Amino acid sequence: MDMQVKKKLGLKDRYALMTRDLGWDTTYQPMEKVFPYDRYEGIKIHDWDKWEDPFRLTMDAYWKYQGEKEKKLYAVMEAFAQNNGHLGVTDARYLNAIKLFIQGVSPLEYYAHRGFAHAGRHFSGVGARVACQMQSIDELRHFQTQVHTISNYNKHYNGMHSFRHMFDRVWYLSVPKSFFEDALSAGPFEFLTSVSFSFEYVLTNLLFVPFMSGAAYNGDMATVTFGFSAQSDESRHMTLGLECIKFMLEQDPDNVPIVQAWMDKWFWRGYRLLTLVGMMMDYMLPKRVMSWAEAWEIYVEQNGGALFKDLARYGIRPPKGLAQATADKHHITHQAWGTFYNYAAAAPFHTWIPEKDEMEWLSAKYPDTFDKHYRPRLEHWREQDAAGNRFYNKTLPMLCNTCQIPMLFTEPGDPTKICYRESDYLGDKFHFCSDGCKEIFDHEPAKYAQSWLPVHQIYQGNCFPEGTDPTKEGFEPLPAVLDYYGMNFGRDNLDFNVSEDKRNFEQWRGPSSSNT
Amino acid sequence: MAVTAIKDYAFPARDRVENFHGAQLLFIGWEDHLLFAAPHAFPFPPAMPFRAVVEQVLPGVYGYHPDFAQIDWRRVEWLKSGQPFAPDLDKSLADNGLKHKDVIRFRTPGLTGIAGSCS
């Protein structure tokens, strides 16, 4: 029999067939009805063929690469579990960084999966669709590997048991949740500007480097490994972010002011969200990597500066809030840690006062601000705690209507005064922590008038377990709210020094490091 | 346009006063005392006398601070939305002109927090 063996497809043909060739123009329905979402934001696209594929990857190759990475990762996780890796960390305070991660970051990976699936359906350009679909699968994988890795800690320590339930309810988690829901409920171009560009390109190093180096410094090899496994994906994601920005800017000059406004907005929203990471770096890692201020200098002032120089030729300037954020780098982490210290009864991780040598570290890293503004506060709390009078703030805080963080930030140039800003809309006042958050509201007030502010929701009676009667005599709201959050009072919350985590870690680890 | 949306998007605010079961929100901050991380939010009936806020609510909120016992309430300076404000202690919140989601602050001259650090 005569067999005609076809030559193997070249890389280029194969790539064309398995990406761009998968799309077609619809005929039963007009294209604009099939793809309504990529028009209403005002972005004008004249030629989708000019889109350059950032990934250069076909699905079959994608499965192969990811499968190899998974095998390595799960082997490390297995070894970690078998060797009691949960006892290898520097000390049990470190676990609170992991709690912050599983409660506040991993659910964002899942949101990113959903967001890219949506964008991967709604761009009318096939190149953009394929890239978004691949990233959507990446994000789902990241979520899964993080949950699997951290589940090993969940077997031994508190506060990680109901992270998904908590994400939709706990007051501080409304900060990451509302950030991502703001992006998800925007159109696909704004979504890519917010997540792919502002977050993944401009700010991502401030999220992943601190967590992954923090893990390495503190003996948490499992977290380091999922970090590495995600890293090659992240570099593809950054490429997508930059490509999308350049594509929009090159397609039509009318796109420039829209993109600039999104960059201003999402820089500020991302920066506000990263307050949590900065606090983790300066206060939660027993063995510190670098300070928030140092990370800001390297990753934003230096690297970001180069990026925006490059974008200047399109008529793009650096984000509006950059100077403010840079000036605030000496303050926000201390202010945030003080806030969680205040509300330690209501958050599902522990807080504490830094040890003496840690105070020295903070003083050296923040020579102009720490001793003057923040040390007296911490030392007062420590004295009170030693006298059996640990401070727990029991009154709910006022929140910023945009970033949903308690109004803890101070006036530009005056760290002794809380910064208050407000706008009037629909006959009511709306309050903000900063000019950046006020401007975001003023641009789209109808959107943020729907903010689900945890404090206001509690006062509206929406945060108690079903069947609770808040009008009953002797009703205590705090236990009911914590019950609704899925928190175990006395185990998941309060000061680290009275925690079960601390006690258990000492009991388990003790025999391996001492003779008694 | 109040929002970039694919179709009409107009809804009453989520935090309108009707949703608070007869209460209205009042935000209160104590200037120069950042040991309390942020101003506080309270649901108060509009008919509540301002005196009740000062004498019955604030001690429970701020009494932890060593400065609180030293406050001379006759010298306290009040601000509403950043502007000077002269509340009448015996009038209700509503009669003092306080509406839903108003923000007031009080400054206590001479008291500057832990070791003068505004904490």
Side-chain angles (χ1 to χ4, degrees), chain A residues 36-37 40-42 186-187 190 335-336 338-343 372-377 379-381 384 389 391 393-399 401 405-408 410 415-418 420 422 425-431 433 444-447 449-453 455-457 459-461, chain B residues 1-21 23-44 57-58 60-62 64-66 79 81-82 99-105 107 112-119:
Chain A
Y37 282 83
Y40 79 90
E41 298 173 274
E190 184 179 347
Q335 296 169 348
T339 305
F340 279 100
Y341 191 83
N342 267 240
Y343 291 104
K372 190 171 172 204
H373 301 293
Y374 305 106
R375 186 193 278 271
R377 200 175 298 177
E379 287 181 343
H380 178 75
W381 280 331
Q384 292 296 312
N389 189 28
F391 179 49
N393 192 334
K394 295 185 191 79
T395 313
L396 303 184
M398 176 184 186
L399 305 178
N401 201 102
I405 297 176
M407 297 266 295
L408 63 96
T410 46
T416 68
K417 299 276 180 291
I418 295 287
Y420 293 82
E422 61 181 51
Y425 182 64
L426 301 178
D428 277 328
K429 289 210 179 309
F430 291 81
H431 300 276
C433 68
E444 290 187 291
K447 188 169 194 178
Q450 301 305 322
S451 291
W452 195 93
L453 298 172
V455 168
H456 300 184
Q457 289 301 312
Y459 286 149
Q460 289 180 30
Chain B
M1 204 162 45
V3 63
T4 307
I6 199 158
K7 53 187 173 191
D8 282 348
Y9 186 88
F11 300 95
R14 190 179 287 270
D15 292 329
R16 61 195 179 279
V17 69
E18 292 84 354
N19 291 350
F20 287 84
H21 313 285
Q24 64 179 31
L25 288 183
L26 182 65
F27 302 111
I28 304 179
W30 183 9
E31 293 285 273
D32 308 326
H33 289 80
L34 303 187
L35 182 140
F36 304 97
H40 294 99
F42 302 90
F44 290 144
V57 177
L58 296 189
V61 178
Y62 293 114
Y64 184 90
H65 200 293
L79 298 169
S81 284
K99 294 205 287 287
H100 181 51
K101 295 212 282 174
D102 268 341
V103 59
I104 58 175
R105 300 183 241 172
R107 209 174 76 80
T112 51
I114 308 298
S117 68
C118 292
S119 278

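Proteins get letters first, then strands, A, B, ... in listed order; numbering begins at 1 in each. Here the structure is a predicted model, which is why all the values come from computation and not from measurement.
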Query raised in the report: Do the side chains of A:Phe430 and B:Lys101 get nearer than 4.5 Å, heavy atoms only?
Result: yes
**Report entry** Atom group of A:Gln457 that falls short of 4.5 Å from chain B, counting heavy atoms
**Finding:** side chain
Query - Interchain contact, A:Leu426 with chain B, by part (heavy-atom threshold 4.5 Å) - result: side chain
Query raised in the report: Excluding sequence neighbours, so at least two apart, what forms side chain to side chain donor-acceptor pair (under 3.5 Å) with A:Thr395?
Result: none
Query raised in the report: Would you call B:Phe27 and A:Met407 a side-chain contact if the rule is heavy atoms closer than 4.5 Å?
Result: no
Report task. Let me know if A:Tyr343 has heavy atoms under 4.5 Å from chain B in its side chain, its backbone, both or neither. Result -> side chain
Query - Proximity breakdown for B:Pro12 and chain A, heavy-atom pairs closer than 4.5 Å - result: backbone
**Report entry** Side chains of A:Leu453 and B:Asp15 in contact at under 4.5 Å (non-hydrogen atoms)
**Finding:** yes
Requested in this report: Sort A:Glu422 into side chain, backbone, both or neither according to what part of it lies under 4.5 angstrom from a heavy atom of chain B.
Outcome: side chain
**Report entry** Side chain, backbone, both or neither of B:Thr112 within contact of chain A (heavy atoms, under 4.5 Å)
**Finding:** neither
Query raised in the report: Where on A:Trp381 is there a heavy atom nearer than 4.5 Å to chain B: the side chain, the backbone, both, or neither?
Result: side chain
Requested in this report: For chain A, find which of B:Leu34, B:Val103, B:Ile28, B:Val17 contributes the most heavy-atom pairs closer than 4.5 angstrom.
Outcome: B:Leu34
Requested in this report: Could you tell me which portion of A:Thr410 (side chain, backbone, both or neither) has an atom closer than 4.5 angstrom to a non-hydrogen atom of chain B?
Outcome: side chain
**Report entry** Centroid-centroid distance, A:Phe391 to B:Phe36, less than 6.0 Å
**Finding:** yes
Query raised in the report: So, A:His373 side chain and B:Ser117 main chain: donor-acceptor pair closer than 3.5 Å or not?
Result: no
**Report entry** Proximity breakdown for A:Tyr37 and chain B, heavy-atom pairs closer than 4.5 Å
**Finding:** both
Query raised in the report: What part of A:Tyr459 gets closer than 4.5 Å to chain B, counting heavy atoms only: side chain, backbone, both or neither?
Result: both
Query - Residue part contacting chain B, namely of A:Pro36, when any heavy atom lies under 4.5 Å - result: both
Report task. Compare all side-chain heavy atoms of B:Ser119 with those of A:His380 and state whether any distance is below 4.5 angstrom. Result -> no
Query raised in the report: Of the backbone (N, CA, C, O) and the side chain (C-beta and beyond), which part of B:Leu25 lies under 4.5 Å from a heavy atom of chain A, both, or neither?
Result: side chain
**Report entry** Where B:Asp102 and A:Lys429 come nearest, the two heavy atoms and their spacing
**Finding:** OD1-CE, 3.4 Å
Query raised in the report: Under 4.5 Å between any side-chain heavy atoms of B:Asp32 and A:Lys417, yes or no?
Result: yes
Requested in this report: Show your working on side chain to side chain contact (heavy atoms under 4.5 Å, CB included) between B:Phe20 and A:His456 and close with a plain yes or no.
Outcome: CA-CA 9 Å; B:Phe20 287 84; A:His456 300 184; 4.0 Å; yes
Query raised in the report: Taking the side chain from A:Glu41 and the backbone from B:Thr4, do they hold a donor-acceptor pair closer than 3.5 Å?
Result: no
**Report entry** Check: B:His40/A:Asn393 side-chain N/O donor and acceptor closer than 3.5 Å
**Finding:** yes
